[in-house]
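Remarks on the structure that follows.
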Amino acid sequence: MQLRLYDTLAREKRPFTPLDPENVRMYVCGPTVYDFAHIGNARPVIVFDVLFRLLRHLYGADHVTYVRNITDVDDKINDRAARDFPGLPLNQAIRKVTEVTEKQFHEDVDALGCLRPTVEPRATEYIVEMRTLIEKLVAGGFAYVAEDHVLFSPQAMNAANSVLPRYGALANRSLDEMIAGARVDVAPYKRDATDFVLWKPAKPGEPSWPSPSGIKTEGRPGWHIECSAMAWKHLGEQFDIHGGGIDLVFPHHENELAQSCCAFHSGRMANIWMHNGFLQVEGDKMSKSLGNFVTIRELLKDWPGEVLRLNMLKTHYRSPIDWTVKGMEESAKTLDDWYALAADANGGEPSQAVIEALCDDLNTAQMITSLHGLRNAASEGELNRTEFAASLHLLGFLSETVAEWKQRKQQASGIDAKRVDSLIADRTAARARKDFKESDRIRDELAAMGIVLKDGKDADGNPTTTWEIAR
RNA sequence: GGCCACGUGGCGGAGUGGUGACGCAGCGCUCUGCAAAAGCGCGCACCCCGGUUCAAUUCCGGGCGUGGCCUCCA
C-alpha cells in the first residue's frame, strides 16, 4: 500500500519512498525540559507516535529509526533552575531541572500510549558535533565569526547558486520580505538583519563549552544547531521525515534545513517535512494569562491517557483542534464501549481499512470511522472481533484489561464496590418478590451515587445486573 | 502590514464536480415490571457574494470570520 504524506516544503501530499527501506528514518523535535508538558505539546508526540507505529507496520519494527531530541540547554531552563534551586550552583540546579522534567515528560507520554523513540538524544551530549557543523559552515563561507559569536548568513546561502535550496523555501517567504520585516534592534555584530546565531558567548554562570572557529572564550550553541547535529549523528546527512509543530516551520526548521544543507552541500535535509496544527482550549487560545493552560499531568488525573489519545486523533493532525471537556467525555464513552467489546480478544491482524486511512496522510478521522465499522462487525463473529482488537492495539489502545479499565474509573470516583454489590443483591431480591417499589428505591439510591445499572439475563435466563459509573 | 491554514448538520469531524460519511446528542421502535443498557430505525449540513460548468459544499476570484508564523512558543 502506498503511503502518502503531506510535505510542507512541496505544499502537497507526496508518495512516501524511503531512502532505505531497511532503515526508515524520522526526526521529530522534542521538548525543552523546564516544566510540565501541556496538552499542546502532546499533539506532535501522539501524532508522530501513530506515524512511527504505521511505519513499523509497513516496513517492519526493526527497520524504523525514530529520533526525538530532548533540549536541555535553553534560557528558560536556566531561569527555572535559578528560581527553583537558588542555593545550588547553576550547573547542578540545571541538571536537577532537566532530570526531573525529563522524567515527568516520560511518565506523561508513556501514559498517552506512546512508544519510546528509538533514540532520545540530549542536546548537551552533542556539543562536539555542533562545533563540527559550525566549523564546516564557516569554512564553506556560510557563516562568520563576529564578537565571539558565530552567525549564519542566509544571504551567503542564496548567493551560492548551487544545489542548495533557497533560504525561505520551507516557510514560503523571501529574504526581501524578511529583511523588510526585521526588527529595528538588530544586533550590531550582524552583517545582515536576517543572520542568525549558531554560537554565542556564555554569560557568567551559564553552562558553557569550548567554542568553535578559534573563539577564545567559552560559549553555548544557538537554538537551531542542536537539531542539525543530532539528526546528522543518528540519521545521517539526509533522512526521510522531519516533524514538529507548525510554529517550528519558521525560524527553527528553516534554519535547521539551511545549516544542514550548507554543511553537507546537499539539496535536501529531510525528504518530507511534516507539521501538526495548533490546539485551542474550549475555543480560546491556550495561554497562562487566560488561565486555561492545561498540562498533560492535570488531564491524566481525570482521564485515562488513552482518552486523551483518542481525543487527539479525532481531528486530522494538520487541522486546528479545539480541546474541550465535551470532546473528552465523548472519547471516554467510545473507549468504554471498545474496551467492553474487544479488550480480551487476542491475535488477529489489523484491519486493512485502518491502514489505508493512515496511509492517506494519517487520516485518523477516517481511521476512527473504520474502527466504528469494525466495532459493529465485531459483535458478529470472533474473527471480526480479533481484527478490531488488533487494529486498536496497533494504534496504541487497549493497553489495559477490561477489569483494569473499569477499576480505574471506580477508583477515580471513590465508589465502594462492595457496597454497590450488596445494594444490587438487595434489589435483585426485591425484584424476585416483585417488590418493585423497594427495587426502584435502591436503583434511585445508586443513581444518586452516580451509578448506572444494566439489567440482563444470563444463559439460563436468570436476571443479572452489572453496573457502571456515569460520567 | 506580509505569508499561511481553517470555516461542513444541535455538537465533534471526514470527504466528494452530480443520491450514503462516521461518532455524540435528539427522536421512534424492540427488549424491560418500569427504566437503564443493548439492538434496530429516523431526521437535520456544507460562512457570504460573484464566476466556470448541464451540475459546486467540492474548482476559480472577492469578501467576512477564526487561528498561526514573521528570530529561541508544539
Only pairs with both distances under 3.5 Å count, Watson-Crick or wobble alike; so what is the partner of [N] in this structure?
{"N": "B:G9", "value": "none"}
{"N": "B:C44", "value": "none"}
{"N": "B:U30", "value": "B:A38"}
{"N": "B:C72", "value": "none"}
{"N": "B:U19", "value": "none"}
{"N": "B:C59", "value": "B:G51"}

Rounding to an integer number of angstrom, what distance separates [N] and [M] when you compare their [atom1] atoms?
{"N": "B:A45", "M": "B:C11", "atom1": "P", "value": "13 Å"}
{"N": "B:G51", "M": "B:C44", "atom1": "P", "value": "29 Å"}
{"N": "B:G68", "M": "B:G61", "atom1": "C1'", "value": "24 Å"}
{"N": "B:A38", "M": "B:G23", "atom1": "P", "value": "13 Å"}
{"N": "B:U52", "M": "B:G18", "atom1": "C1'", "value": "16 Å"}
{"N": "B:U57", "M": "B:U19", "atom1": "P", "value": "10 Å"}
{"N": "B:G26", "M": "B:G10", "atom1": "C1'", "value": "8 Å"}

### Whichever of A:Lys326 and A:Asp337 has its nearest RNA chain B nucleotide further upstream toward 5'
A:Lys326
### Query
More 5' along RNA chain B: A:Gly373 or A:Tyr34, using each one's nearest nucleotide?
A:Gly373
Measure from [atom1] on [X] to [atom2] on [N] and round the result to the nearest Å.
{"X": "A:Glu468", "N": "B:A38", "atom1": "CD", "atom2": "P", "answer": "8 Å"}
{"X": "A:Lys190", "N": "B:U71", "atom1": "NZ", "atom2": "C1'", "answer": "6 Å"}
{"X": "A:Lys314", "N": "B:C22", "atom1": "NZ", "atom2": "P", "answer": "17 Å"}
{"X": "A:Phe250", "N": "B:C69", "atom1": "CZ", "atom2": "P", "answer": "13 Å"}
{"X": "A:Lys333", "N": "B:G12", "atom1": "NZ", "atom2": "C1'", "answer": "13 Å"}
{"X": "A:Lys454", "N": "B:A38", "atom1": "NZ", "atom2": "C1'", "answer": "8 Å"}
{"X": "A:Asn276", "N": "B:C6", "atom1": "CG", "atom2": "C1'", "answer": "15 Å"}
{"X": "A:His253", "N": "B:C69", "atom1": "NE2", "atom2": "C1'", "answer": "13 Å"}

### Query
Under 4.0 Å between a side-chain N or O of A:Ser319 and OP1 or OP2 of B:A14?
yes
[options]: which one has an atom nearest the side-chain heavy atoms of [X]?
{"X": "A:Arg427", "options": "B:C24, B:G39, B:A35", "answer": "B:A35"}
{"X": "A:His316", "options": "B:A14, B:C3, B:G33", "answer": "B:A14"}
{"X": "A:Gln366", "options": "B:U71, B:G33, B:A14", "answer": "B:A14"}
{"X": "A:Thr315", "options": "B:G33, B:G13, B:A36", "answer": "B:G13"}

#### Entry: Donor-acceptor pair under 3.5 Å, A:Asp440 side chain vs B:G33 base
yes
### Query
Quick one: the side chain of A:Thr369 and the base of B:A14, do they pair up donor-acceptor inside 3.5 Å?
no
### Summary
salt bridge (Lys or Arg N to Asp or Glu O under 4.0 Å) test vs A:Arg427 passes for just one of A:Asp455, A:Asp421, A:Asp435, namely A:Asp455
If you look at every strand shown and take non-hydrogen atoms under 4.0 Å, does [X] touch a base, only sugar-phosphate, or nothing?
{"X": "A:Thr324", "value": "nothing"}
{"X": "A:Arg220", "value": "nothing"}
{"X": "A:Leu279", "value": "base"}

Salt-bridged, [X] to [Y], with N to O below 4.0 Å?
{"X": "A:Lys13", "Y": "A:Asp360", "value": "yes"}
{"X": "A:Asp361", "Y": "A:Arg318", "value": "yes"}
{"X": "A:Lys333", "Y": "A:Asp336", "value": "no"}

Under 3.5 Å, which protein N or O atoms sit close to an N or O of nucleotides 66-68 of chain B? Give each pair with its distance.
{"from": "B:G68", "atom 1": "OP1", "to": "A:Lys285", "atom 2": "NZ", "distance (Å)": "3.2"}

### Task
Flag the pair A:Glu226 / A:Ile70 as yes when at least one side-chain heavy-atom distance between them is below 4.5 Å, and no otherwise.
no
#### Entry: For A:Pro212, side-chain contact (heavy atoms from CB on, under 4.5 Å) partners two or more places apart
A:Arg131, A:Ile134, A:Glu135, A:Val150, A:Trp199
